[in-house]
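Structure record follows, encoded as structure tokens.
By convention here, the first residue in the shown sequence is residue 1. Source: prediction; values computed, not measured. Worth knowing before you read on, the calculation uses all heavy atoms, side chains too, and leaves out hydrogens, waters and symmetry mates.
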Amino acid sequence: HATIFDLFERFGGPCILHDSRYTQFYFERLGQERFLQLAGKLLGREAGVQELHRWLLDQDLPTLFLEPIIKKAAPLIVHTEKVKKLLSEKYGVDAVCLPFAATMKFEDRDISHAARIAAKRRLGIDENVLMISSFGYTHFNKGSLECIMALDQLLAWKIPAVLYLVGSNLVSPHITDLANRLGVSEKVRSFSDFLSDDLYRDYMLATDLAIQLRTYGFGQPSGALMECISAGLASVAN
């Protein structure tokens with residue numbers, strides 16, 4: 001992403017805006033000090049560290065940190081009419097709306113019952129358990145802790161469920177601590193990094209039920225939810 005952004009930042013041009021806010025991206029790109037300087041410039045006031053921590057959790061965002069992108073984009077392309085309206089009201093920009101393109105393709109034979117069982121076997125997963133997965137990075141704003149609490153309830157109801165957090169775990173100590181405190185650590189699987197495309201695809205095929213949550217809402221589905229839809233996967237989303 002950084003290489004693509006370098007090119008766009010230098011030359012400008014057509015821009016497909018996948019994310020609705022770029023808080024985390026600019027923070028990681030600039031570091032804390034320069035990010036706060038950018039925030040101060042955009043807001044016309046000094047930005048503090050305490051409010052920065054809330055912004056990184058997508059809480060109380062005073063701006064979506066899209067101003068530098070909007071300035072360079074010609075045209076700016078978004079995925080839903082709701083985001084188009086949001087950007088028009090907040091920034092006065094007239095974005096182009098195009099549907100979110102699926103990044104993974106599945107044929108009917110790929111998502112048949114037999115193909116899904118085969119994927120479970122390749123991953124060494126018991127065919128008799130209820131495999132629940134959340135795809136994409138693991139974080140507080142993805143409802144990852146709430147998913148573990150829900151798993152605890154399912155197990156209390158004697159439902160043989162296992163939760164897979166399929167993506168880079170950005171809050172590993174918190175995931176481990178909660179799972180241990182609830183006594184469900186043997187039923188939670190997470191990963192330290194993103195998986196290869198083939199392995200990610202197998203987890204999607206093997207999954208019985210997906211859950212894709214967000215603690216924020218800017219009016220468009222996530223890429224992971226679009227992939228679940230492409231895979232014909234029963235999914236819960238807020």
Side-chain angles (χ1 to χ4, degrees), residues 1-2 4-9 11-29 38-39 41-44 54-108 111 133-144 146-147 166-167 194 200-201 204 207 209-238:
H1 289 176
I4 295 170
F5 198 85
D6 287 341
L7 187 69
F8 170 73
E9 200 171 42
F11 295 106
C15 174
I16 300 174
L17 191 69
H18 286 306
D19 291 310
S20 305
R21 79 283 182 252
Y22 274 70
T23 323
Q24 192 80 40
F25 180 84
Y26 276 117
F27 177 74
E28 292 180 3
R29 183 179 177 82
L38 171 64
K41 181 179 178 181
L42 297 180
L43 300 177
R54 295 186 61 78
W55 297 345
L56 293 176
L57 293 173
D58 294 303
Q59 297 177 17
D60 304 325
L61 284 176
T63 177
L64 301 178
F65 293 93
L66 296 177
E67 291 91 335
I69 297 172
I70 290 171
K71 186 177 180 179
K72 287 279 190 175
L76 181 68
I77 302 166
V78 298
H79 297 308
T80 69
E81 290 292 341
K82 190 169 182 178
V83 173
K84 176 182 170 73
K85 182 180 178 183
L86 173 67
L87 296 184
S88 176
E89 293 173 349
K90 195 170 183 67
Y91 299 109
V93 61
D94 185 21
V96 176
C97 183
L98 293 175
F100 207 133
T103 57
M104 301 182 73
K105 183 179 179 181
F106 298 91
E107 304 292 344
D108 287 345
I111 58 176
S133 300
S134 183
F135 295 92
Y137 62 85
T138 300
H139 198 266
F140 302 126
N141 62 17
K142 296 283 292 290
S144 300
E146 288 80 357
C147 287
V166 187
F194 288 104
Y200 184 89
R201 185 183 180 91
M204 188 156 282
T207 294
L209 176 69
I211 179 164
Q212 300 299 146
L213 304 179
R214 292 291 189 278
T215 59
Y216 56 89
F218 296 120
Q220 70 183 20
S222 67
L225 180 58
M226 294 303 297
E227 290 164 350
C228 292
I229 294 170
S230 299
L233 184 56
S235 306
V236 175
N238 62 321

* Taking everything shown except K71 itself, do over 12 heavy atoms lie less than 6.0 Å from its NZ? -> no
* Does R21 make a cation-pi contact with Y26 (under 6.0 Å, within 45 degrees of the axis)? -> no
Grab the two heavy atoms, one from [X] and one from [Y], that are nearest each other, plus how far apart they are.
{"X": "S20", "Y": "L64", "value": "O-CD1, 3.5 Å"}
{"X": "F194", "Y": "G136", "value": "CE2-C, 4.3 Å"}
{"X": "A73", "Y": "F8", "value": "N-CZ, 3.7 Å"}
{"X": "G167", "Y": "T138", "value": "O-OG1, 4.4 Å"}
{"X": "K84", "Y": "C97", "value": "CD-CB, 4.2 Å"}

Within this structure, what is the [atom1]-[atom2] distance for the pair [X] and [Y], rounded to the nearest 0.5 Å?
{"X": "E146", "Y": "F140", "atom1": "CD", "atom2": "CZ", "value": "10.0 Å"}
{"X": "N141", "Y": "Q24", "atom1": "CG", "atom2": "CD", "value": "8.0 Å"}
{"X": "L61", "Y": "R54", "atom1": "CG", "atom2": "CZ", "value": "10.0 Å"}
{"X": "E67", "Y": "I69", "atom1": "CD", "atom2": "CD1", "value": "9.5 Å"}
{"X": "M104", "Y": "S230", "atom1": "CE", "atom2": "OG", "value": "8.5 Å"}
{"X": "F65", "Y": "L38", "atom1": "CZ", "atom2": "CG", "value": "6.5 Å"}

* To do: Evaluate the criterion side-chain contact (heavy atoms from CB on, under 4.5 Å) for residue pair C147 and L213; output intermediate values, then yes/no.
  => CA-CA 9 Å; C147 287; L213 304 179; 4.1 Å; yes
* Asked: Under 3.5 Å, is there a donor-acceptor pair between the T63 and Y91 side chains?
  ->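 T63 vs Y91: donor-acceptor pair found between side chains.
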* Step by step, would you call K142 with D58 a salt bridge (charged side-chain N to carboxylate O under 4.0 Å, His left out)? -> CA-CA 11 Å; K142 296 283 292 290; D58 294 303; over 6 Å; no
* CA sep, side-chain torsions, deciding dist, call: L76, L17, side-chain contact (heavy atoms from CB on, under 4.5 Å) -> CA-CA 7 Å; L76 181 68; L17 191 69; 4.1 Å; yes
* Give the intermediate values and the outcome of side-chain contact (heavy atoms from CB on, under 4.5 Å) for residues S134 and Q212. => CA-CA 6 Å; S134 183; Q212 300 299 146; 4.1 Å; yes
Taking the side chain as every heavy atom from C-beta outward, state whether [X] and [Y] have any atom pair closer than 4.5 Å.
{"X": "M226", "Y": "T103", "result": "no"}
{"X": "L66", "Y": "V93", "result": "no"}
{"X": "W55", "Y": "F27", "result": "no"}

* To do: With side-chain contact (heavy atoms from CB on, under 4.5 Å) as the test, would you mind laying out the steps for R29 and E9 before giving the verdict?
  => CA-CA 13 Å; R29 183 179 177 82; E9 200 171 42; 2.8 Å; yes
Under 3.5 Å donor-acceptor pairs involving side-chain atoms of residues 231-238, not counting sequence neighbours:
{"unit_1": "S235", "atom_1": "OG", "unit_2": "L233", "atom_2": "O", "d": "2.8"}
{"unit_1": "N238", "atom_1": "OD1", "unit_2": "R214", "atom_2": "N", "d": "3.0"}
{"unit_1": "N238", "atom_1": "ND2", "unit_2": "R214", "atom_2": "O", "d": "2.6"}

